[in-house]
Enquirer: 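Sharing a structure here in structure tokens format.
We're numbering straight along the sequence, starting at 1.
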Amino acid sequence: MTAEEKLNTVYRLTTGLAQQMEKSRIAQYTELLHSPWRLIWLNVLSGTARGLGIALGFTFFAATIIYVLQVLGALNLPIIGDYIADIVRIVQHQLELKTF
């Protein structure tokens, strides 16, 4: 292998490595590590968004479950209906006690 072929091989490998590093955004990551206030701000913002998403998702899920239980309770099923009606009454009682 000649020196020119070796140089071309090294050039191709170096170019490929540079492209892979650009794809992985290492430069932006290292810039972020050098600015701790921006890193803190992004973490606070992402944590707030995640918490809000969890709260909204749980609220939707709980409301759906309560609605389904109310519908099942209205069907007057022998054993399940009484159990579901008790759960719905407890939840409604708890909601009435909370005054925000």
Enquirer: Would you indicate whether the side-chain heavy atoms of Y67 and T64 approach each other to under 4.5 Å?
Expert: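 A side-chain contact under 4.5 Å is absent here.
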Enquirer: Considering only heavy atoms from C-beta outward, does the side chain of V91 approach that of Q94 to under 4.5 Å?
Expert: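 Side-chain contact under 4.5 Å: no.
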Enquirer: How long is the span from the OH atom in Y29 to the CG atom in L39, to the nearest 0.5 Å?
Expert: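 Going from the OH atom of Y29 to the CG atom of L39 covers 8.0 Å.
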Enquirer: Can you list the other members of the hydrophobic cluster that holds L13, where links are side-chain heavy atoms under 4.5 angstrom apart?
Expert: none
Enquirer: Hey, what do you get for CZ (R12) to CG (L7), rounding to the nearest 0.5 Å?
Expert: 10.5 Å
Enquirer: Under the 4.5 Å side-chain heavy-atom rule for ILVMFWY, direct or indirect, which residues accompany L56?
Expert: L52
Enquirer: Among residues at least two apart in sequence or on other chains, which ones pass side-chain contact (heavy atoms from CB on, under 4.5 Å) with T48?
Expert: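 Per chain and number, T48 pairs via side-chain contact (heavy atoms from CB on, under 4.5 Å) with V44.
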Enquirer: Can you tell me how far the CG atom of N8 sits from the OG1 atom of T15, to the nearest 0.5 Å?
Expert: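 Rounded to the nearest 0.5 Å, the CG-OG1 separation comes out at 10.0 Å.
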Enquirer: Identify, with sequence neighbours excluded, every residue that meets side-chain contact (heavy atoms from CB on, under 4.5 Å) alongside R89.
Expert: A85, D86
Enquirer: Distance from N43 atom CG to R50 atom CZ, nearest 0.5 Å?
Expert: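 CZ of R50 is found 8.5 Å from CG of N43.
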Enquirer: E31: what forms a side-chain contact (heavy atoms from CB on, under 4.5 Å) with it, not counting sequence neighbours?
Expert: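 With neighbours one apart ignored, the set is empty.
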Enquirer: Out of curiosity, does F61 fall in the hydrophobic cluster containing I87 (side-chain heavy atoms, cut-off under 4.5 Å, transitive links)?
Expert: yes
Enquirer: When you look at CD of Q28, are more than 12 heavy atoms from neighbouring residues, nucleotides or ligands closer to it than 6.0 Å?
Expert: yes
Enquirer: Got a sec, which hydrophobics cluster with L45, joining ILVMFWY side chains under 4.5 Å apart, including via others?
Expert: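 Result for L45 is W41.
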